[in-house]
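Below, chain A is the first sequence line, B the second, and so on; all start at residue 1. Quick note: numbers below take in every heavy atom, side chains included, and nothing from hydrogens, waters or symmetry partners.
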There are 2 protein chains.
Amino acid sequence: MKEFSLIDTYFRDVSFQRKDVLLGIGDDCAITQIPAGQALATTTDTLVSGVHFLPDADPKAIAQKAIAVNLSDLAAMGAEPAWLSLSLSLPNVDENWLKAFSEGFKELTEYYSIQLIGGDTVQGPLAITITAQGFVAADQALKRSGAKPGDFVYVTGTLGDAGLGLDILQDHTDVDNAEHKAYLLNRLHYPSPRVFAGTSLRRVANACIDISDGLLADIKHILKASQCGACLQLDKLPLSSAMVDSVDQDSAFHYALSSGDDYELLFTVSEEQKSSVDRVLACSNVPATCIGQINGAVGKVDLKFNDESYAYSQTGFEHFNSGESSNKHRNNAKRA
Amino acid sequence: MKEFSLIDTYFRDVSFQRKDVLLGIGDDCAITQIPAGQALATTTDTLVSGVHFLPDADPKAIAQKAIAVNLSDLAAMGAEPAWLSLSLSLPNVDENWLKAFSEGFKELTEYYSIQLIGGDTVQGPLAITITAQGFVAADQALKRSGAKPGDFVYVTGTLGDAGLGLDILQDHTDVDNAEHKAYLLNRLHYPSPRVFAGTSLRRVANACIDISDGLLADIKHILKASQCGACLQLDKLPLSSAMVDSVDQDSAFHYALSSGDDYELLFTVSEEQKSSVDRVLACSNVPATCIGQINGAVGKVDLKFNDESYAYSQTGFEHFNSGESSNKHRNNAKRA
């Protein structure tokens with residue numbers, strides 16, 4: 001099986017066909033058309049086997065996560081996703097793996113009406129790099145730098161589920177309730193990029209980021225870019241019933257604050273726009289919760305629980321850490 | 001050293017700053033502006049350590065080759081390069097390696113006035129994926145499918161040098177003339193993407209592709225897309241003096257026909273446009289040579305030498321081949 005037939009066989013027809021793609025897979029470049037008045041939003045993310053997913057992970061889930069993490073970056077910018085480029089590094093040609101991977105790819109690109117426009121297939125350790133492109137009017141892009149003192153801090157969905165799912169997957173903990181366990185693993189394997197929430201928020205939010213490395217790590221990017229601080233109310237953190245029923249409260253806060261892979265949106269809105277948040281998010285069917293406010297010393301996050309200070313030190317997951325897993329404090333799960 | 005400071009330290013300021021980049025490295029996406037009337041050209045290429053370069057290769061050369069192979073794809077489309085996204089997979093943080101890599105990056109992005117707008121840094125086996133974006137008016141894009149019977153077939157520069165350079169590097173052959181050897185290795189390590197030739201050719205060429213997998217393999221992509229055949233005159237193939245002085249004639253033809261990594265442009269022009277080729281390429285300072293004509297059975301390449309048929313079977317390099325290197329017929333180098 002040669003590289004070229006590989007791309008032809010598995011990837012030429014795996015996605016929705018858009019009218020703005022003038023030339024798709026099969027030439028030296030893709031040629032696409034940006035709508036008038038829109039700027040181009042571009043993001044790139046790589047998933048490496050053994051680092052971002054287990055080598056024996058379901059290829060469908062790998063494909064969908066690789067797409068989702070990129071769409072999540074577009075959503076965080078308020079951009080509408082349009083096109084994907086895929087670079088696939090494979091140790092060998094496993095037709096069953098490729099078939100499942102491309103089916104996962106097809107399912108998600110069709111759901112979001114986005115098109116795979118090109119890429120590269122190389123022999124190498126299993127890794128997937130996707131570059132996603134989308135549109136946003138330049139003056140509506142949701143930058144990290146737009147937060148202002150007094151803004152309210154919101155997050156979509158629930159936090160920490162993927163982190164608890166990872167600990168279950170890696171046998172660091174277990175959850176006896178089968179439905180909860182399935183939910184948590186699903187949140188890890190099939191994150192939901194908040195695409196429609198992101199485009200809806202561009203009319204009301206001042207700043208936005210997606211939570212990929214943990215709430216605390218990611219809010220700090222907003223605080224640094226916006227030169228401000230924040231106060232978060234832990235008692236307001238949105239937690240799933242699977243989380244609340246499975247671990248004690250401090251562990252739930254830990255997962256919500258520091259575990260990665262949530263792919264929820266963290267955004268800030270002014271007091272004037274606060275009443276519009278629920279309305280603009282209604283059509284995307286994603287709930288958002290106000291968890292705090294922008295204020296205080298630049299770069300600093302004050303954590304409160306029922307208006308009392310809450311001491312906490314663990315920061316979010318970082319690549320190239322000292323080698324110690326950030327899971328080490330996650331072993332105090334409740335048993336049913 | 002954390003991922004975020006890694007990107008900040010080495011890559012935030014490594015490139016030319018363009019006015020059409022509204023938001024560069026440091027947010028969830030880059031935001032860029034396409035000129036009115038232009039379509040977007042996008043290409044992605046991955047280089048894997050041990051497959052596309054040796055693990056101990058000079059990081060500066062790796063950076064520049066990773067950029068060059070992408071710019072070559074834009075050139076083959078007639079597109080003007082604008083922006084790069086970089087995904088860097090690194091087994092560990094080697095500051096000297098990163099410094100040299102980013103310096104190579106800076107040098108080439110400044111030379112071509114292109115900007116690094118974002119990317120991802122992950123822990124994993126050494127691999128570099130670059131997505132390059134550029135512009136071309138939709139009706140001027142040089143597609144593979146535009147070749148017509150009677151068109152003349154041209155190539156830029158000289159062919160086969162990088163292939164001979166690779167055989168020298170891998171000790172499959174040697175070249176005693178130090179100047180020739182340095183030239184051949186330089187052609188392998190620092191390919192010259194034909195960026196300005198590509199944009200110049202969009203007014204005269206009917207079809208274009210870059211030669212990355214070997215002349216024979218790549219012309220077949222044009223023949224397939226254009227539903228035509230071709231006849232090539234081997235006695236017309238442009239060969240460097242380093243090639244001619246170092247190997248016998250059949251070996252030189254083999255390198256020119258089948259070795260990869262040349263990154264020259266292969267293009268076709270109608271009889272009416274033939275007289276314009278040298279003129280439009282003059283400002284890019286890249287010579288082009290007419291090596292044959294589009295005609296004959298669909299998908300078939302007739303090779304001639306002094307108007308006689310020339311028997312040849314070896315096809316270009318393909319990933320996921322049987323494991324046998326395509327270098328196996330390359331051992332008959334002349335010794336000085």
Can a side-chain donor-acceptor contact be found between S85(B) and T131(A) if the only test is distance below 3.5 angstrom?
no

D261(A) and K65(A) ion-paired at < 4.0 Å
yes

Proximity breakdown for A141(A) and chain B, heavy-atom pairs closer than 4.5 Å:
side chain

Less than 4.5 Å to any heavy atom of chain A: does that hold for the side chain of A225(B), its backbone, both, or neither?
neither

L23(A) versus chain B, the contacting section by heavy-atom distance below 4.5 Å
side chain

For the pair Y154(A) and F267(A), name the ring-plane relationship: parallel under 30°, tilted 30 to 60°, perpendicular over 60°.
parallel

Taking every non-hydrogen pair under 4.5 Å, which of V48(B), L74(B), L142(B), T32(B) racks up the most with chain A?
T32(B)

Name the option with the most non-hydrogen atom pairs under 4.5 Å to chain A; the candidates are L86(B), L22(B), I209(B), I222(B).
I209(B)

Chain B contact via I34(A) - which portion, at a heavy-atom distance below 4.5 Å:
side chain

Steps toward salt bridge (Lys or Arg N to Asp or Glu O under 4.0 Å) verdict (R144(B), D27(A)):
CA-CA 6 Å; R144(B) 296 180 181 181; D27(A) 215 304; 3.6 Å; yes

Just give me the residue among D73(A), N70(A), V136(A) that pairs up with chain B most often, heavy atom to heavy atom, under 4.5 Å.
D73(A)

Heavy-atom pair count under 4.5 Å with chain A, highest-scoring of A39(B), S72(B), S145(B)
A39(B)

Any donor-acceptor pair under 3.5 Å from S102(A) side chain to K99(A) backbone:
yes

Inspect the contact between R194(B) and D210(B) and indicate whether a charged nitrogen and a carboxylate oxygen are less than 4.0 angstrom apart.
no

Does any backbone or side-chain atom of Q38(A) lie under 4.5 Å from a heavy atom of chain B? Answer side chain, backbone, both or neither.
backbone

Residue part contacting chain B, namely of A76(A), when any heavy atom lies under 4.5 Å:
both

Within this structure, what is the CG-CG distance for the pair D120(B) and L88(B), rounded to the nearest 0.5 Å?
9.5 Å

With a 4.5 angstrom heavy-atom cut-off, which part of T42(B) approaches chain A: side chain, backbone, both or neither?
both

How about F135(A) and W83(A): are their ring centres within less than 6.0 Å of each other?
yes

Name the member of T46(B), T43(B), D20(B) that forms the most heavy-atom pairs with chain A at distances under 4.5 Å.
T46(B)

Highest number of heavy-atom pairs under 4.5 Å with chain B: which of I31(A), L40(A), T44(A)?
L40(A)

T199(B) and E80(B) side chains, donor-acceptor separation under 3.5 Å
no

Region of I117(A) in contact with chain B, defined by heavy-atom distances below 4.5 Å:
side chain

